A.B. asks: 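Have a look at this one.
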Amino acid sequence: MAAAGVGERLLGVGGPSDVISFVSTQSRLGDTAAVADEAGSPAPPRLRAVDVETQPDEPRFLGAGRGAQVFALRAANGATIAKKVFVGSGLARFVHQFIFGADNPYVWDRTAIEEARQRRRVLSPLVRWWLKGKLHITEIYDTTWNDTLKVNEWTMEYVDGRFARLRQPFAKEANDEIDDLVNDVMRPLQRHLVEAGFDGAAWQAGLHNPVATSNFLRRFRRDGSAEWVWIDVESGVPALFPANPIGLFSYYIPRAIKFGRPLFDDVDCVKLRQYLALHEPEMRPEIGDDAWHALMCDVDALEAASAQSGWKKLGRTKRGIGARLTRGEINADQAEFYKRYPLLWMMREFGGAVSTVLRALAALLSAWFDPKLWLLICRETIKLLWSDSYRTAFAKRYVTSGIDRWRDRKQLTAGERDSLVSDLGNEGSAAYLTDFGMHLATKPLVKLVTWGGVPVLYAFGLMSALTLAILVIGGGAIVRTGYTLIRVVDAYRNGYQRPWVALWVGTLPVIGNVAFPLQLLFDGVGNGRNLSQFIVYDTATRVGRSLPIWGGADTLTEHRANRAADWLFSLSKRFNRRVTQRRENLSSITTPRRAK
């Protein structure tokens, strides 16, 4: 984790704490600004400029995407507003530099920010009309330039809500939310966006993009009803990485040809006007004449902002020079020089990119080969392998950290969190937690051997390619299975319940780490049923979050992985039932009949 943080800094972005100190806490907004209150009212009150001057409290970090970091600020009247600072991830910046020759235009180009603001103003009434009030788009109050960070930022409506709920022991029906979001909100929204000419916004609405579910929050009104809120309409990276290859060739590449560059939140204004002209007879009476005229004015403003969007008009070289100049990385004289000698600019950028990658790689290697790190891993591994009590304590800490993470994400209530933590202290689950800790304890050692020692043996001709592949792919499963076989023999000798489920599940890659929590679940020991289910759900979601590009928190990938835990429950239960049935059959055969 430390290495990753160093890499991000070298690629040009710090963590939330680095941005907090620079976030402006004095924002004077326009007279028509609206501030959402903590209750999540869909129609926040209109306030005067003096009312929304923010208090000098430290901004509260809300979250970060590929393109920006978001903070909560307290207004003078006690309400909460959000500030979005366009400081994206190092990887996103690298992608933009590679494709466009400059950083994300929302970071440095004022016209791109204005276009984004107007696009939201047009989309807001359309979305309400399309989805009949089921979806709301957050409102932007003010756009400013952060002169310290040299990036754009805007103040916007704060949403007190949470992402679609994951399945967990206390909410087995939770995936109904993600199904509602995907099937009843995102897919109809994608269809309407494409029909109306919002070709680029379809990416943020989830068209072949599983990450897009994290752009939507679920907000609860005062009357107990709920609505979805589209909080992030702006892309963090160009729309060139859909999860479905068919979508790349059927939609995104044709649109890239249409606009003359990779798709990035582009709007076909001609198609938009044709769409509005076609649907005016049905839409205008429904929203009212005043709202219709306001919409048409916003369309005019969007078209003007799109035409004036500076980054679109510039070629790759001038775009890169303009971005560097705006952010103060070069001066005006240097900019003019490089415009005259574009080849020198390309050489400069190439050298800078190579230098950045090498520095990031050096930082990662330095952290990876840090003797203190490996000494700590070896010391902890020895303690875990040697002491049952240490393994149990380690497993409890590991599980508790996962429980707290779910609570912080509002996926568990405080009461649910406390219930799971109390289950950790049950005597009946202690032995299984020790075994779970053993499986976790062997992971660092297995990784060290399979990714370090085994390739060395192969390089010296002491191992075949087949053996290498088996050990690298199945090393963890082999070790888990060996340990669980010992537990099976020990249970047989002492007359305990044999951990057949743990033996079978332990042979599976990745998910095999939850072998003993599943065994605890199906043995029905103590009160650990909810706890064991949570561990399995948590492990499955960790897999979904760790998937590169399309994974991450609150993505559809994480939700699909979360749902896979139910499949594992069903499969393991079926396996356990068959083992029990065979044992009973065998017992009935070997038991001698009584003499008459």
Side-chain angles (χ1 to χ4, degrees), residues 8 11-13 64-68 86-109 112-113 115-116 119 182 186-187 189-191 193-194 197-216 230 232-268 271 306 309-320 322-323 346 349-350 353 356-357 544 546-552 554-558 560:
E8 283 286 66
L11 287 170
V13 59
R66 293 187 173 100
F86 286 92
V87 179
S89 70
L91 180 59
R93 183 176 185 181
F94 179 81
V95 170
H96 277 279
Q97 292 281 2
F98 180 78
I99 294 177
F100 291 133
D103 204 350
N104 186 331
Y106 296 134
V107 172
W108 59 275
D109 187 39
I113 285 288
E115 183 183 5
R119 185 169 53 248
V182 172
M186 295 176 67
R187 286 177 180 167
L189 177 62
Q190 295 160 19
R191 184 177 66 254
L193 289 169
V194 173
F198 292 93
D199 296 333
W203 172 258
Q204 288 295 91
L207 186 61
H208 307 298
N209 178 19
V211 179
T213 52
S214 62
N215 297 331
F216 298 83
W230 194 1
D232 194 359
V233 185
E234 293 71 39
S235 297
V237 293
L240 279 178
F241 310 101
N244 185 349
I246 296 177
L248 175 65
F249 292 101
S250 65
Y251 184 84
Y252 290 105
I253 288 182
R255 262 59 177 191
I257 296 173
K258 171 184 174 180
F259 288 97
R261 57 185 156 67
L263 199 60
F264 188 73
D265 295 344
D266 297 278
V267 182
D268 185 339
K271 188 175 180 180
S306 179
S309 193
W311 76 278
K312 296 179 181 179
K313 300 177 181 179
L314 299 175
R316 181 183 181 86
T317 299
K318 290 185 177 180
R319 188 184 298 136
M346 288 188 286
E349 290 293 277
F350 179 76
T356 299
V357 172
S546 64
L547 187 71
I549 302 178
W550 302 297
D554 306 303
T555 61
L556 189 59
T557 305
E558 185 190 35
R560 292 291 182 254

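Since the structure is predicted, the reported quantities are computational estimates derived from the model, not experimental observations. Index from 1, following the sequence.
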A.B. asks: Tell me, please, which residues at least two apart from K312 pass salt bridge (charged side-chain N to carboxylate O under 4.0 Å, His left out).
C.D. replies: E115, D266
A.B. asks: Please answer whether the main-chain N or O of G544 pairs with a side-chain N or O of E558 as donor and acceptor at a distance below 3.5 Å.
C.D. replies: no
A.B. asks: Is E234 reaching over with its side chain to a backbone N or O of D265, donor-acceptor style, under 3.5 angstrom?
C.D. replies: no
A.B. asks: Sequence neighbours excluded and cut-off under 3.5 Å, please list the side-chain donor-acceptor pairs for residues 94-104, or say none.
C.D. replies:
unit_1 : atom_1 : unit_2 : atom_2 : d
H96    : NE2    : G236   : O      : 2.8
D103   : OD2    : R327   : NH1    : 3.4
N104   : OD1    : Y106   : N      : 2.9

A.B. asks: Check whether W203 forms a cation-pi arrangement with R66 (NZ or CZ under 6.0 Å from the six-membered ring centre, at most 45° off the ring normal).
C.D. replies: no
A.B. asks: What residue among N215, V211, L193, L189 forms side-chain contact (heavy atoms from CB on, under 4.5 Å) with Q204?
C.D. replies: N215
A.B. asks: Would you call R255 and V194 a side-chain contact if the rule is heavy atoms closer than 4.5 Å?
C.D. replies: yes
A.B. asks: Using atom types as modelled, flag every donor-acceptor pair under 3.5 Å from a side chain in residues 240-254 to any protein atom, sequence neighbours excluded.
C.D. replies:
unit_1 : atom_1 : unit_2 : atom_2 : d
N244   : OD1    : I246   : N      : 2.9
S250   : OG     : I246   : O      : 2.7
Y251   : OH     : D199   : O      : 2.9
Y252   : OH     : L207   : O      : 2.6

A.B. asks: Within the distance-only criterion (no hydrogens, no angle test), does the side chain of S89 pair as donor or acceptor with the backbone N or O of G65 below 3.5 angstrom?
C.D. replies: no
A.B. asks: If you round to the nearest 0.5 Å, how far is CZ of F259 from CG of D268?
C.D. replies: 5.0 Å
A.B. asks: Which heavy-atom pair separates T213 from V182 by the least distance, and what is that distance?
C.D. replies: CG2-CG2, 4.2 Å
A.B. asks: Indicate the atoms forming the closest heavy-atom contact of A205 with W230, along with that distance.
C.D. replies: N-CZ2, 4.0 Å
